[in-house]
Amino acid sequence: MIRLYDSVHGVVRDLPMREPGRLSIYSCGPTVYSLPHLGHGRQTLVWDVVRRWSTFRGLDVHFVSNITDIDDKIIARALDQGTSTSDVVARYESEWWEAMTALGAAMPDDIPHATDWVPQMISLIESFVEDGVAYQTSDGVYFDVSRVTDYGLLAGQPLDSLRAGARVEANDEKRSPLDFVLWKNAKPGEPSWPAPFGEGRPGWHTECVVMSLGLLGDGFDLHVGGLDLKFPHHENERAQAVAANRPFAQHWGHHGWVMVDQMKMSSSLGNFTSLTDLLGRTDPRAYRLLVLRSHYRSPIEVTTETIADAERALARLDTLARRFELPSLAGATLEVGSNYRWEGEALDLYDRVATNLDDDLNTPPAVAQLFEAVGLANTLADRGATSEAQSFAEAVNVLFASMGLALHASDDALDPLSADLVARRDAARSAKDWVGADKLRDELVEHGWVVEDSAAGTFIRRP
RNA sequence: GGCGGCGUGGCCGAGUGGUUAGGCAGGGGCCUGCAAAGCCCCGUACUCCGGUUCGAAUCCGGACGCCGCCUCCA
């Protein structure tokens, strides 16, 4: 049974399942107005791993993640760039999926776009207005948080306590500073939809509650996102569901930050590194490994050093893949554990990894177990226990794939020049012309190859 | 002010009342023509101060430091 920390109750508990064997997950997606940053990458990776592991364990996972394609920031960006909001959305949504695909994240089963759900949002808001849960001001429609008795559940604080800490806002038409906008009246020239309460656009909190319930239904299983979404975004989603008398997410999961110089990386601080940049200069799998090596709820520091560290660790795994000629798994494919024959030591390894991953996605010890297994496979092979070593290495490969990490045996194509250098080096070595062989090796290294000799001859690969 | 999290060896990062995390880097050795990769061996850490205990990095209390949420934010 897979257990996960529930942010509302503050305990690790069994993942709920409305229908046994089927797991529904909603992950708050991006507002597409700029390039994704490292934090977005972590979110995608963490929940991709949850999804993959659940699938590996035999669950039928329905994974939904939205695109917020209407928002103040998108409008501002369009004005800024002198283009339309649809151009901004098209560009940054495509950047988003390109980056997420590069990270090895499987595409969500459903990708709702906010602008496709406006009628449903309008009718929800309309019902709130009718019930007196929402009220109109000169700039839009607001939700009255005092109408939800347990408002503050996700924040872990009662309404009064939250109110005490709220900053003073310019808008004095709001009954409480905590009241949040459901519908924003459009200013001239802004994208808008007609509604009984005026031309305008939906508020962010309304988008997610409508799309999650719309696609996953009442009482869906798991709602996830970054810790900063816990309050107020998730609180406000939930408040609307409560006000609408609809059972909402049964379990909440929140992942930790990406830090920069010990400070939270965030759009508002401007201290973020774009994921697109990172992926352009490093192996995306190194970022996944870096994420897997720390617990998903802990903050992680992503620096040139920690990425380089992960790349070197990854090289050890790829070396295993080369040595045992392991197929490259994962990628877009979600592996299913029952498709593999688990027996003997491999089964034992699977059990140990599973025990950790089932326990609140405890990836660090799982990864540690797998690295130990790498060493064991190599040791066994060095001692001539080939078949034991092979099955162990294969188990390692499959278990990394269960977390979406694909091991790559080198399959670098040799250009004619390099192939010639290799042939000449083989000849020099068999003639015991060590000076000539060393010179040819230097040339290969200059061409960017790593050179490895074996009894079978010279083997080259990219670093 | 309210609520929450964190402080581990050179670095990253788990764990937990007594016995190896793991990776990276570093040192020694094996293998190799020399390398690379791999293998073997080595570092002996847990912010500080009290307390509980036969025994605490691990539990309790306190101090210090750092971070986050309460405002858009993964």
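All values below were derived from every heavy atom in this structure, side-chain atoms included, with hydrogens, water molecules and symmetry-related copies excluded.
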Item checked: B:C12 versus B:C49 - spacing of their C1' atoms, nearest Å -> 29 Å
Margin query: For B:A14 and A:Asn356 - does any side-chain N or O of the residue sit under 4.0 Å from the phosphate oxygens OP1/OP2?
Written below: no
I'd like to know if [X] reaches the base of [N] with its side chain, counting only an N/O donor and acceptor under 3.5 Å.
X: A:Asp438; N: B:G33; value: yes
X: A:Asp71; N: B:C72; value: no
X: A:Arg316; N: B:C24; value: no

Notebook entry, point to check: Looking only at atom types and distance, does a side-chain atom of A:Thr306 sit under 3.5 Å from a main-chain N or O of A:Glu301, one as donor and one as acceptor?
Noted result: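 Checking the backbone N and O of A:Glu301 against the side chain of A:Thr306, a donor-acceptor pair under 3.5 Å is found.
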Next item on the list: Using a 4.0 Å heavy-atom cut-off across all strands, classify A:Gly165 as base, sugar-phosphate, or nothing.
Entry: base
Checklist line | Nucleotide of B:A14, B:C66, B:C34 approaching A:His295 most closely (side-chain heavy atoms) | finding: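 For A:His295, the side-chain atoms sit closest to B:A14.
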In Watson-Crick or G-U wobble terms, both distances under 3.5 Å, what is the partner of [N]?
N: B:G18; value: B:C54
N: B:G1; value: B:C70
N: B:U47; value: B:A63
N: B:C39; value: B:G29

Next item on the list: Mind calculating the distance between CG (A:Asp309) and C1' (B:G26) to the nearest angstrom?
Entry: 14 Å
Notebook entry, point to check: Does the cation-pi check pass for A:Arg201 over A:Trp183, that is, NZ or CZ under 6.0 Å from the six-membered ring centre and within 45° of its axis?
Noted result: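 Judged by the rule, A:Arg201 and A:Trp183 form no cation-pi pair.
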Notebook entry, point to check: Is the closest basic N to carboxylate O distance between A:Asp358 and A:Arg3 below 4.0 Å?
Noted result: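 Here A:Asp358 does not pair with A:Arg3 in a salt bridge, since their nearest N and O are not under 4.0 Å apart.
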Item checked: Stepwise salt bridge (charged side-chain N to carboxylate O under 4.0 Å, His left out) test for A:Asp420 and A:Arg424 -> CA-CA 6 Å; A:Asp420 180 56; A:Arg424 283 163 57 201; 3.5 Å; yes
Note to self: If the glycosidic angle sits within 90 degrees of zero it is syn, else anti. Tell me which applies to B:G43.
What the structure shows: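 The base of B:G43 is oriented syn (glycosidic angle within 90° of 0).
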Item checked: Aro-ring/base stack A:Trp434-B:G33, d under 5.5 Å, angle under 30° -> yes
